[in-house]
Amino acid sequence: MAMNSLKLSLFEQLAQVTKALSHANRLMILDVLAQTACDVETLHKKLGLSIANVSKHLQTLKHAGLVTSERQGQHSVYALSDDSVFRLIVSLRDVAESQLDSMQALLLEHLKPNTDYEPISLKALREYKQPYTLLDVRPEDEFAAGHIPQAINIPIEQLPNKLNQLQNDQTLVVYCRGPYCMWSQQAVDALQKRGIQAKRLAEGYPEWQVQSQTQS
């Protein structure tokens, strides 16, 4: 194969990956799969997409090598191919957040700087001097697949009925799927309205896992 032809073929393979990432629904599927492996039915319920739509997106992601599938009984269960896929998503976020004015405007609205809703980073949490309790508001299956040590799990839809069970003598630090997950902000709002001191974590479990592997 001629050198120029080889170069073009290699970049065409890169383009196949970027094409697979060029749809918001596929990125949201990867966001869920970063928490735990899922079958089509589970992704359909978690994301509110049709089963046919989820299946089509999964095939595109699989063809690009971003997800794998394993037959378990009657269902095919999908997972990220390996940790490099999550690192790719983080890099994509970094580029968008640093280069897109529209993304920066959305983040400014979401992060709510200089207010009680401003998130605390994992790094800052490690230096936090006051006692706190970690609250994971993801679904139970995602918590069971992996969570930050010492965290307690109350899925966001169950939180209104369990507010009375939470102690208010410690700050609650709430996290969910990651930086773009709205559940932690929703939870902090509900907690603060009940007089419970709460902060939200800027990152989620996958980010904590990556940082822990880096430090070990």
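In this chain, residues are counted from 1 in sequence order. Predicted model only: the values in this text are computed from it and were never measured.
Taking NZ from Lys199 and CG from Leu135, the interatomic distance works out to 15.0 Å, rounded to the nearest 0.5 Å. Here CG of Leu49 is found 6.5 Å from NE2 of His57. Values are rounded to the nearest 0.5 Å. Separating the CD1 atom in Ile29 from the NE2 atom in His23 is a distance of 9.0 Å, to the nearest 0.5 Å. The structure places CG of Leu27 at 8.5 Å from CG of Leu61, a figure rounded to the nearest 0.5 Å. Taking CG of Leu191 as the reference point, atom CD of Gln197 lies at 11.0 Å (rounded to 0.5 Å). Rounded to the nearest 0.5 angstrom, Leu108 CG and Leu111 CG are separated by 7.5 Å.
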* Derivation and outcome, side-chain contact (heavy atoms from CB on, under 4.5 Å), residues Thr42 and Thr36 -> CA-CA 11 Å; Thr42 302; Thr36 185; over 6 Å; no
* To do: Could you walk me through whether Gln211 and Lys123 pass the side-chain contact (heavy atoms from CB on, under 4.5 Å) test, one step at a time?
  => CA-CA 10 Å; Gln211 290 190 26; Lys123 180 180 179 181; 5.6 Å; no
* Any chance you could lay out the side-chain contact (heavy atoms from CB on, under 4.5 Å) test for Ile89 and Leu21, step after step, and finish with the verdict? => CA-CA 9 Å; Ile89 299 303; Leu21 295 173; 4.0 Å; yes
* Under the side-chain contact (heavy atoms from CB on, under 4.5 Å) rule, what do His63 and Thr60 come out as? Steps first, then yes or no, please. => CA-CA 5 Å; His63 186 65; Thr60 299; 5.8 Å; no
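Without hydrogens or angle criteria, Asn153 side chain to Asp136 main chain gives a donor-acceptor distance under 3.5 Å. For the pair His110 (side chain) and Pro179 (backbone), a donor-acceptor distance under 3.5 Å is present. The backbone N or O of Ser184 sits nowhere less than 3.5 Å from a side-chain atom of Arg200 that would complete a donor-acceptor pair. At distances below 3.5 Å, at least one donor-acceptor pair connects side-chain atoms of Gln104 with backbone N or O atoms of Ser98. Checked by atom type and distance alone, the side chain of Tyr180 never pairs as donor or acceptor with a backbone atom of Asp31 at under 3.5 Å.
Residues Pro149 and Trp208 share a closest heavy-atom pair of CD-CZ2, 3.2 Å. The heavy-atom pair separating Val17 from Ala64 by the smallest distance is CG2-O, 3.9 Å. The minimum heavy-atom distance between Leu122 and Glu207, with the atom names listed, is CD1-C, 4.1 Å. Residues Gly65 and Ser81 share a closest heavy-atom pair of O-OG, 2.7 Å. Minimum heavy-atom separation, Ala20 to Leu66: CB-CD1, 3.9 Å. Ile120 and Ala124 make their closest contact through CG1-CB, 3.6 Å (heavy atoms, listed as atom of the first residue, atom of the second, distance).
Taking the side chain as every heavy atom from C-beta outward, Arg138 and Tyr175 approach each other to under 4.5 Å. No side-chain heavy atom of Asp189 sits less than 4.5 Å from a side-chain heavy atom of Gln186. Looking only at side-chain heavy atoms (C-beta outward), Val90 and Arg93 come within less than 4.5 Å of each other. Using a 4.5 Å cut-off on side-chain heavy atoms (C-beta onward), Asp83 and Val210 make no contact. The shortest side-chain heavy-atom distance between His44 and Asn53 does not fall under the 4.5 Å cut-off. Cys176 has its side chain out of reach of Ile156: every pair of non-hydrogen atoms, C-beta onward, lies at least 4.5 Å apart. In this structure, the side chains of Asp82 and Thr68 stay at 4.5 Å or more apart for every pair of heavy atoms.
Under a hydrophobic clustering in which Ile, Leu, Val, Met, Phe, Trp and Tyr are joined whenever their side-chain heavy atoms come within less than 4.5 Å, directly or via other members, Leu100 and Leu92 fall into different clusters. Hydrophobic clustering (side-chain heavy atoms under 4.5 Å, transitive across Ile, Leu, Val, Met, Phe, Trp, Tyr) groups Ile154 together with Val174. Tracing side-chain contacts under 4.5 Å through hydrophobic residues (I, L, V, M, F, W, Y), one never reaches Trp183 starting from Leu107; they form parts of separate clusters. Criterion: ILVMFWY side-chain heavy atoms under 4.5 Å apart, direct or through other members. Under it, Tyr205 and Val173 are part of a common hydrophobic cluster. Taking hydrophobic clusters as Ile, Leu, Val, Met, Phe, Trp and Tyr residues chained together by side-chain heavy-atom distances below 4.5 Å, Leu201 does not share a cluster with Val188.
Annotation: Gln150, atom CD; neighbour count of heavy atoms from other residues, nucleotides and ligands within 6.0 Å does not exceed 12. Surrounding CD of Glu157 are more than 12 heavy atoms belonging to other residues, nucleotides or ligands, all under 6.0 Å away. Within a 6.0 Å radius of NZ in Lys162, more than 12 heavy atoms belonging to other residues, nucleotides or ligands are found.
In terms of the salt bridge (Lys or Arg N to Asp or Glu O under 4.0 Å) criterion, residue partners of Glu142 (sequence neighbours excluded) are, by chain and number, Lys46, Arg177.
Checking Asp94 against Ser91 by side-chain atom types alone, no donor-acceptor pair falls below 3.5 Å.
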